[in-house]
Amino acid sequence: MSVTLDIRLKRANKVYHEGEAVAGVVLLVCKEALQHHGISLNMEGLVNLQLSSKSVGVFEAFYNSVKPIQLISSTIEVAKAGKIPGGKTEIPFEFPLNTKGNKVLYETYHGVFVNIQYSLRCDMKRPLLAKDLSRNCEFIVHSQPQKAKVVRTPVNFTITPATLQNTRERSLLPKFLVRGNLDATNCVISQPLTGEVMVENSEVPIKSIELQLVRVETCGCAEGYARDATEIQNIQIAEGDVCHGLPIPIYMVFPRLFTCPTLETTNFKVEFEVNVVIVLHDDQLITENFPLKLCRV
C-alpha cells in the first residue's frame with residue numbers, strides 16, 4: 001500500500017530565531033486506511049566538524065574534539081498508535097526553539113569543514129511486515145540581531161609591485177598602479193559588499209579583475225588548530241584591458257547558507273575574507289586580501 005509522509009512548515013522561507021516556535025503540519029497521504037504504531041517528531045541542531053586531509057594524522061587529539069556538537073535535541077509524539085483514514089491527513093505540530101543550559105543556537109551555515117544544521121525528522125512506526133517511514137526537513141536558524149550599531153569605516157587600498165607580500169623577484173614584475181576602496185569591512189550580512197577599483201596605469205595588458213569571497217574555517221582544541229581557507233564564490237568585475245583612470249564598481253551579495261555572522265567558539269571558528277584579484281595577460285595573479293567581519297542587524 002503506497003503512503004506518503006511529509007513535513008510542511010508554516011513559514012515559506014523556513015527561517016526561525018531562538019525563542020520562536022517552529023510550527024507546521026505532518027502530512028500523510030494514503031489511498032485506504034492505514035494502521036501504525038505511533039508517529040514521532042524529532043528536532044535536532046548539530047555542528048559537524050571535519051578535518052581536512054592535510055590535518056589528519058597531524059593532531060591525534062583532534063579526533064576527540066571533532067565529534068558533532070549537539071545544540072538542540074527534543075522529541076514529541078505527534079500521534080499515538082492507531083489508524084489513519086484513507087485520503088489526506090494533516091497533523092499540526094509546534095516545537096519551541098529553545099536550548100538547554102548555556103548552549104547557543106549558532107546560525108545555519110553550510111561550510112566545508114564546519115557545518116551547522118537544524119532539522120526535523122518525522123518517524124512513523126508501522127506493523128511487522130510494513131516498512132517504517134521517515135522524513136527529514138531542514139529549517140534555517142538566524143542568530144539574534146546584534147544591538148550595537150555597525151560602524152562602517154571605508155578601507156582605501158593601493159596595489160603596486162612594492163606593496164605585494166609573497167613575491168621574490170619584485171624587479172621582474174611589470175610596473176602597475178591600482179587604487180580602490182571598500183565602503184566597509186565590517187559588513188551587514190544582508191547587505192552587499194560595495195566599493196570601487198581603478199587601474200591608474202599598467203605596463204602590461206590586464207586580462208581580468210575578480211572578487212573572490214573566501215571562508216576561513218578553524219577546527220581544533222588546546223593541542224592545536226587546523227585552519228583552512230576555501231573559496232565560496234568568485235565574481236568577475238572587469239574583463240580585458242580596462243580603461244585606465246576609470247572607477248569600476250565593486251558589488252557582491254553574500255550568499256545565503258554559505259556565509260554566516262563571523263563566529264568564534266572554543267572548538268571552531270568561521271571567518272571570512274575577500275580578495276581583489278587582478279589577472280595579467282600572462283596569467284600572473286596580483287592579489288590584495290581584506291579580512292571581513294560579518295554580522296546581522
Side-chain angles (χ1 to χ4, degrees), residues 111-112 146 148-218 227-256 258-264 269-297:
V112 179
Q146 66 169 47
K149 204 175 175 197
V150 179
V151 182
R152 290 170 67 86
T153 45
V155 177
N156 297 316
F157 59 88
T158 302
I159 312 171
T160 66
T163 63
L164 298 181
Q165 304 284 315
N166 303 330
T167 179
R168 291 193 185 92
E169 299 291 330
R170 282 183 206 280
S171 56
L172 298 178
L173 284 173
K175 288 190 172 61
F176 56 83
L177 171 59
V178 178
R179 293 189 201 278
N181 69 278
L182 294 177
D183 291 334
T185 51
N186 267 7
C187 303
V188 176
I189 200 165
S190 53
Q191 294 171 8
L193 174 78
T194 55
E196 63 179 39
V197 63
M198 181 167 68
V199 179
E200 295 220 345
N201 57 63
S202 174
E203 270 187 352
V204 295
I206 286 170
K207 195 173 179 181
S208 174
I209 302 176
E210 291 156 19
L211 271 185
Q212 184 188 41
L213 182 62
V214 172
R215 65 195 141 208
V216 183
E217 296 165 325
T218 309
R227 189 172 184 272
D228 294 280
T230 48
E231 183 185 292
I232 300 172
Q233 66 181 10
N234 194 314
I235 296 170
Q236 188 182 41
I237 57 170
E239 162 84 45
D241 197 16
V242 293
C243 288
H244 293 183
L246 178 75
I248 299 160
I250 288 173
Y251 187 96
M252 182 169 68
V253 174
F254 294 108
R256 192 181 183 210
F258 298 115
T259 52
C260 67
T262 302
L263 191 54
E264 190 169 336
K269 282 197 286 192
V270 182
E271 298 161 301
F272 299 92
E273 296 174 352
V274 69
N275 291 324
V276 175
V277 182
I278 298 160
V279 187
L280 300 179
H281 76 111
D282 54 359
D283 288 332
Q284 209 167 15
L285 294 183
I286 296 157
T287 306
E288 188 76 5
N289 175 275
F290 303 93
L292 298 178
K293 189 172 189 298
L294 302 190
C295 60
R296 194 172 286 286
V297 294

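In this text, all values refer to a predicted model and were calculated from it rather than measured experimentally. What's counted below: heavy atoms across the whole structure, side chains too, no hydrogens, waters or symmetry copies.
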So do the side chains of Ile159 and Phe176 get within less than 4.5 Å of each other, counting heavy atoms only?
yes
Can Thr185 and Lys293 be said to form a side-chain contact (heavy atoms from CB on, under 4.5 Å), step by step?
CA-CA 6 Å; Thr185 51; Lys293 189 172 189 298; over 6 Å; no
Enter the distance from Leu280:CG to Ser208:OG here, rounded to the nearest 0.5 Å.
10.5 Å
Nearest heavy-atom contact between Ile250 and Asn181 is CD1-O, 4.3 Å
Answer yes or no: is there a side-chain heavy-atom contact under 4.5 Å between Leu182 and Val274?
yes
Which heavy-atom pair separates Ala238 from Ile248 by the least distance, and what is that distance?
CB-CD1, 4.0 Å
Quick check against the 3.5 Å criterion: does Glu288 have a side-chain atom that pairs as donor or acceptor with the backbone of Thr163?
no
Are the side chains of Ile209 and Val199 in contact, using a 4.5 Å heavy-atom criterion?
yes
For the residue pair Val216 and Asp228, establish whether any side-chain heavy-atom pair is separated by less than 4.5 Å.
no
Any non-hydrogen side-chain atom of Ile237 less than 4.5 Å from a side-chain atom of Pro249?
no
Atom pair CZ/OG1 of Arg215 and Thr259 - distance to nearest 0.5 Å:
10.0 Å
List for me each residue that meets side-chain hydrogen bond (donor to acceptor under 3.5 Å, both in side chains) alongside Ser190, sequence neighbours excluded, and say none if there are none.
none
Flag side-chain contact, heavy atom, 4.5 Å: Arg152 against Asn186:
no
So how far is it from Gln191 CD to Arg296 CZ, rounded to the nearest 0.5 Å?
11.0 Å
Distance col, row Thr218:OG1 vs Glu271:CD, nearest 0.5 angstrom, shows 5.5 Å
Nearest heavy-atom neighbours spanning Gln233 and Met252
NE2-CG, 3.2 Å
Validation row: Leu213, Pro255 side chains within 4.5 angstrom (heavy atoms)
yes
All ring pair (Phe, Tyr, Trp, His ring centres under 6.0 Å) counterparts of Phe290, not counting sequence neighbours:
Phe157
Closest heavy-atom pair and its distance - Pro174, Gln284:
CD-OE1, 4.1 Å
Side-chain donor or acceptor of Glu217 paired with backbone N/O of Val112 under 3.5 Å
yes
Sorted by first residue and then second, give each salt bridge (charged side-chain N to carboxylate O under 4.0 Å, His left out) pair with at least one member in residues 175-196; sequence neighbours left out.
Arg179-Glu200
Considering all heavy atoms of both residues, which atom of Cys260 and which atom of Phe272 are nearest to each other, and what is their separation?
O-CE1, 3.1 Å
Donor-acceptor side-chain pairing of Asn275 and Asn289 below 3.5 angstrom:
yes
Taken to the nearest 0.5 Å, the spacing of Ile232 CD1 from Gln212 CD works out to 10.0 Å
Please report the interatomic distance NE2(His281) to NZ(Lys207), rounded to the nearest 0.5 Å.
10.0 Å
If I compare all heavy atoms of Ala229 with all of Val214, which pair ends up nearest, and what's the gap?
CB-CG1, 3.8 Å
